[in-house]
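Right, one structure below, let's go through it.
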Amino acid sequence: MSFLPLQIIMLGYIVFALIVVYLLIEFLVVPVYQYFRDPKGLRRFPTLDRFAGFTNLSFMIEAHRGFRSKKLSTLHKIHPVIRTGPNSLSYGDAQAIKDIYGHNTRCIKDGQYIVTAGTHYHLADVIDRHDHGRKRKVLSSAYALKNLEEWEFKVADKTARLIKHFDAVATVPESTVDYRAWTNFFSLDAIADIGLSHRLGFLDAGDDCCLSERLDGFATEVNFRECLYAVARAQSGIVWSYDWYKTLVKITRAISPYYRILWKLSDNWDGIVLHLARERLKRYEAGEKLDDFFTSLMEDKGGKIQSLEWGEIVAEVNIMMNAGSTTTAIAMANVMFQLLKNPRHLAILREEIDSVVEPDETVVSYDKVRHLPYLRACLDESMRLFPPTAHGLPRVTPEEGWVINGDFISGGTTVAMSAFVAHRDEKVFPEPEKFKPERWLGEEGKALQPYFVAFSAGARGCIGRNISYLEQTVLLASVLRRYEFELPHPGWEPERMETMNLHLGPLPLKVWRRKFSQESD
Ligand code: HEM
Ligand SMILES: *[C@@H]1O[C@H](CO)[C@@H](O)[C@H](O)[C@H]1NC(C)=O
Ligand SMILES: *[C@@H]1O[C@H](CO)[C@@H](O)[C@H](O)[C@H]1NC(C)=O
């Protein structure tokens with residue numbers, strides 16, 4: 001009877017030994033062999049660190065430090081191209097933008113978009129050119145410029161609600177607003193209204209409590225931002241190994257308390273989207289005629305039914321509420337911070353705004369401020385310094401290879417350029433760390449536009465760019481016209497953390513009403 005357990009123990013040893021051998025081959029022998037075989041000739045490039053040529057783990061560790069683009073921008077001061085993993089290159093020379101992202105590029109979105117995708121692709125993560133073209137056509141009529149006028153009243157309504165709160169705070173001496181949180185309530189309320197005709201009511205409540213719904217219809221109360229931000233935080237930690245991503249999700253869910261919380265919140269995020277989509281569908285089915293993105297997903301301008309799958313519609317609602325809110329809120333908080341840090345520029349901007357706004361105007365009309373050159377220059381300069389999406393958007397070279405910045409790169413190689421890095425190319429942006437809105441003015445400023453990639457570029461550039469400028473312009477002009485703000489102390493800096501976006505922490509500002517004397521007005 002006693003030999004049976006022995007056999008089992010033996011078997012155990014053998015299995016264990018096989019696993020060790022497998023792991024050694026998979027993680028040591030093959031990577032080292034591949035590195036020296038170097039079929040794509042990537043060994044000529046300097047690496048992120050000693051191990052980056054062998055493993056994606058190097059970049060994964062760098063990502064966990066919380067500001068990978070800053071690290072890259074430091075390295076790119078010396079090296080135009082850096083190998084960040086066995087099959088990936090990071091670019092630092094702004095001239096490479098057109099080859100990687102421009103309209104004529106043959107590079108397409110890489111496998112990272114596949115591993116993070118849900119059951120259905122949405123406009124931002126679909127890779128196939130044909131499929132993307134179809135989706136972009138469906139949505140471009142919804143996002144087009146002529147609609148901006150139709151939506152201005154929705155943005156104006158959110159501005160008025162934010163002002164209502166700021167007015168109340170401004171009467172209490174020494175009290176503060178967290179401008180980071182309030183601009184986020186603003187951008188969320190705005191996109192929910194523009195996209196789904198939905199009233200989230202975050203600006204009225206002063207928080208972001210909302211409902212998350214399971215497939216079976218059971219709903220719980222959650223915080224919108226907490227759930228949304230958890231998705232990017234979890235993904236941006238482990239997404240660097242595409243082959244192991246799904247496994248890493250399972251492992252981190254099982255053994256890491258930090259990740260378990262993030263994945264739980266990420267599930268709640270899916271539930272928020274599902275809830276919003278279902279609520280909106282009910283209204284559509286009840287026959288309500290509403291002018292929003294959701295309607296364009298259901299039918300075209302002529303009323304012809306689009307017949308998209310429900311999963312695809314939910315995916316589009318997901319990216320709309322995600323890409324359409326966080327980035328704009330980050331941009332709004334950043335530009336306020338830059339202006340308060342640079343009072344000389346703030347004074348010039350105030351003068352420009354004051355010159356067009358009527359004394360009794362509370363919410364500034366878009367028409368009056370949309371073409372103000374200095375206002376636009378301040379927004380762009382702030383997004384240059386801190387692009388809300390700093391993630392080096394990964395593209396893969398076509399099978400036959402592709403020339404990037406005059407250098408041939410083999411097919412199937414991942415290439416990327418972070419906007420944070422591109423915007424610090426000294427040849428294009430002298431004194432890159434300085435906030436200098438002037439650089440965007442006049443003909444010289446126009447010539448810089450091809451190197452401004454906060455919204456990326458080419459066929460996969462941001463579709464919400466004009467909506468974002470509408471929101472940013474109206475809000476900034478309205479609050480600068482009405483209030484004085486002050487940072488906690490001179491030299492104060494916000495916390496920054498890079499996930500897929502480059503987040504900033506709370507921005508607590510003292511706020512009070514501006515005084516206008518008859519003479520100076
Ligand atoms: C300051 C604000 C914004 C910034 C910095 C920004 C940035 C970007 C960037 C960098 C991309 C390219 C992503 C990639 O290649 O993976 C992108 C795409 C996209 N953005 Fe924005 N975005 C902003 C506002 C918005 C808004 C307000 C919306 C929606 C109303 C939006 C919706 C989208 C969508 C749907 C795509 C995918 C487009 C496509 O691939 O055809 N974004 N955005
Ligand atoms: C490492 O990353 C590259 C892209 O950057 C990807 O092609 C490759 O599959 C990854 N390797 C593993 C083992 O996941
Ligand atoms: C934004 O507006 C400009 C005109 O000001 C237009 O040329 C461009 O196509 C619009 N972009 C998008 C993504 O709708």
Side-chain angles (χ1 to χ4, degrees), residues 26-27 30-31 34 52 54-60 83-90 100-101 108-116 121-127 132-133 135-137 139-148 151 187 190-192 194-195 238-248 293 315-316 318-332 334-335 370-371 379-380 382-383 386-396 412-416 418-419 452-472 500-502:
E26 175 79 27
F27 292 106
V30 172
Q34 282 294 347
F54 301 98
T55 172
N56 289 323
L57 215 56
S58 284
F59 203 71
M60 206 178 284
R83 189 178 188 181
T84 51
N87 191 37
S88 51
L89 301 174
S90 164
I100 302 177
Y101 301 104
I108 55 169
K109 293 201 166 187
D110 89 336
Q112 190 169 100
Y113 294 90
I114 301 175
V115 295
T116 53
Y121 288 113
H122 52 59
L123 183 59
D125 66 16
V126 65
I127 293 176
H132 174 256
K135 279 170 173 287
R136 183 104 181 183
K137 210 171 136 220
L139 281 158
S140 63
S141 70
Y143 283 74
L145 191 72
K146 62 174 160 38
N147 289 313
L148 283 187
W151 292 325
S187 70
I191 196 64
I194 293 170
I238 60 169
V239 76
W240 313 103
S241 170
Y242 306 173
D243 302 353
W244 290 89
Y245 179 74
K246 300 276 182 207
T247 313
L248 282 171
F293 292 171
E316 296 301 349
N318 191 326
I319 192 59
M320 189 192 299
M321 294 306 300
N322 179 345
S325 66
T326 315
T327 45
T328 299
I330 293 173
M332 286 168 162
N334 274 330
V335 71
R370 66 188 301 179
H371 296 302
L379 296 178
D380 286 354
S382 175
M383 283 189 280
F386 290 97
T389 306
H391 177 46
L393 306 162
R395 302 293 185 261
V396 63
T413 309
T414 286
V415 291
S418 155
F452 177 63
V453 284
F455 297 95
S456 194
R460 300 309 298 264
C462 181
I463 199 174
R465 181 184 174 124
N466 290 338
I467 294 175
S468 184
Y469 277 119
L470 163 68
E471 291 183 22
Q472 291 191 55
M500 292 302 178
N501 292 321
L502 180 49

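Counting starts at 1 for both ligands and their atoms, in listed order.
- With 3.5 Å as the limit, one finds a donor-acceptor pair spanning the side chains of Asp110 and Thr414.
- Side-chain contact between Glu26 and Asp243 is absent, with no heavy-atom pair separated by less than 4.5 Å.
- Among Val239, Asn87, Asn56, Leu57, the residue whose heavy atom sits closest to atom 11 (N) of ligand 2 is Asn56.
- At a 3.5 angstrom cut-off on N or O pairs, Leu123 counts as close to ligand 1.
- Of all protein N, O or S atoms, those under 2.8 Å from atom 21 (Fe) of ligand 1 number 1.
- In terms of the side-chain contact (heavy atoms from CB on, under 4.5 Å) criterion, residue partners of Ile127 (sequence neighbours excluded) are, by chain and number, Ile108, Lys109, Tyr113, Ile114.
- Between Ile191 and Ser325, some side-chain heavy-atom pair lies under the 4.5 Å cut-off.
- Atoms of ligand 1 found under 4.0 Å from any heavy atom of Gly461, numbered from 1 in the order shown, are 38 (C).
- Side chain of Ser418 to backbone of Gly392: no donor-acceptor contact under 3.5 angstrom is found.
- With a 4.0 Å cut-off on non-hydrogen atoms, Thr328 touches ligand 1 through its backbone as well as its side chain.
- Atoms of ligand 2 lying under 4.0 Å from any heavy atom of Trp240, numbered from 1 in the order shown and given with element: 1 (C), 2 (O).
- Of the heavy atoms in Thr414, only side-chain atoms (C-beta onward) come closer than 4.0 Å to ligand 2.
- Ranking protein heavy atoms by distance to atom 15 (O) of ligand 1, first place goes to Arg395 NH2, 2.8 Å.
- Residue contacts with ligand 1: His132 is included, with a non-hydrogen atom under 4.0 Å away.
- Looking only at distances, a side-chain donor or acceptor of Arg83 sits under 3.5 Å from a matching main-chain atom of Pro86.
- For the pair Met500/Val239, a side-chain contact is recorded, criterion being any heavy-atom separation below 4.5 Å from C-beta on.
- Set against the non-hydrogen atoms of Ser88, the atoms of ligand 2 under 4.0 Å away are 5 (O).
- When hydrogens are left out, the protein atom nearest atom 40 (O) of ligand 1 is Arg460 NE, 2.9 Å; that is the closest non-hydrogen contact.
- Using modelled atom types, no side-chain atom of Tyr101 and backbone atom of Val453 make a donor-acceptor pair closer than 3.5 Å.
- Looking at ligand 1, you'll find an N or O of Lys109 within less than 3.5 Å of one of its N or O atoms.
- With Gln472 contributing its side chain and Thr328 its backbone, the two residues share no donor-acceptor pair below 3.5 Å.
- Using 4.0 Å as the threshold, Glu471 has no heavy atom nearer than that to any atom of ligand 1.
- Proximity of Tyr245 to Thr116: side-chain heavy atoms (C-beta onward) are separated by under 4.5 Å at one or more points.
- Of all atoms in ligand 1, listed by their number and element, those nearer than 4.0 Å to a heavy atom of Gln472 are 1 (C).
- Heavy-atom neighbours of Lys246 NZ from other residues, nucleotides or ligands within 6.0 Å: above the threshold of 12.
- Residue-ligand proximity: Arg136 is placed with a non-hydrogen atom under 4.0 Å from ligand 1.
- Close approach of ligand 2 to Ser241 (heavy-atom distance below 4.0 Å) involves ligand atoms 12 (C), 13 (C), 14 (O).
- Nearest protein heavy-atom contact of atom 13 (C) of ligand 2 is Asp243 OD2, 3.5 Å.
- In this structure, Met332 does not count as a contact residue of ligand 1, since none of its heavy atoms falls inside 4.0 Å of the ligand.
- Here the side chain of His391 pairs no donor or acceptor atom with the backbone of Leu393 at under 3.5 angstrom.
- Remark: ligand 1 atoms within the under-4.0 Å shell around heavy atoms of Ala454 are 5 (C), 7 (C), 10 (C).
- Checking side-chain atoms of Thr327 against main-chain N and O of Ala323 turns up a donor-acceptor pair under 3.5 Å.
- Residue contacts with ligand 1 for Met320 are absent, since no atom lies close enough (heavy atoms, distance under 4.0 Å).
- In terms of protein heavy atoms, atom 6 (C) of ligand 2 is closest to Tyr242 CD1, 3.8 Å.
- Which of Leu470, Ile463, Ile467, Asn466 comes nearest to atom 1 (C) of ligand 3 through a heavy atom is settled by distance: it is Asn466.
- Every N/O-N/O distance between Arg136 and ligand 3 stays at or above 3.5 Å.
- Summarising the contacts of atom 16 (O) of ligand 1 with Tyr113, Tyr101, Tyr469, the nearest heavy atom is found in Tyr113.
- Contact check for Trp240 versus Gln112: side-chain heavy atoms found under the 4.5 Å cut-off.
- Tyr242 has its side chain within reach of Pro394: a pair of non-hydrogen atoms, C-beta onward, lies under 4.5 Å apart.
- Two residues are said to be in side-chain contact when any heavy atoms from C-beta on lie closer than 4.5 Å; Glu471 and Met332 meet this criterion.
- Within the structure, ligand 1 lacks Pro387 among the residues with a heavy atom less than 4.0 angstrom away.
- Taken from CG in Asp125 to NE2 in His132, the straight-line distance is 10.5 Å, to the nearest 0.5 Å.
- Summarising the geometry, atom CG belonging to Asn334 is positioned 11.5 Å from atom CG belonging to Leu379; distances are rounded to the nearest 0.5 Å.
- With ligand atoms numbered from 1 in the order given, ligand 1 contributes 30 (C) to contacts under 4.0 Å with heavy atoms of Ile191.
- Distances from ligand 1 to the non-hydrogen atoms of His391 include no value under 4.0 Å.
- With rounding to the nearest 0.5 Å, the separation of CG in Leu139 from CD1 in Ile463 is 5.5 Å.
- Interface of Pro388 with ligand 1, defined as ligand atoms under 4.0 Å from a residue heavy atom, comprises 5 (C).
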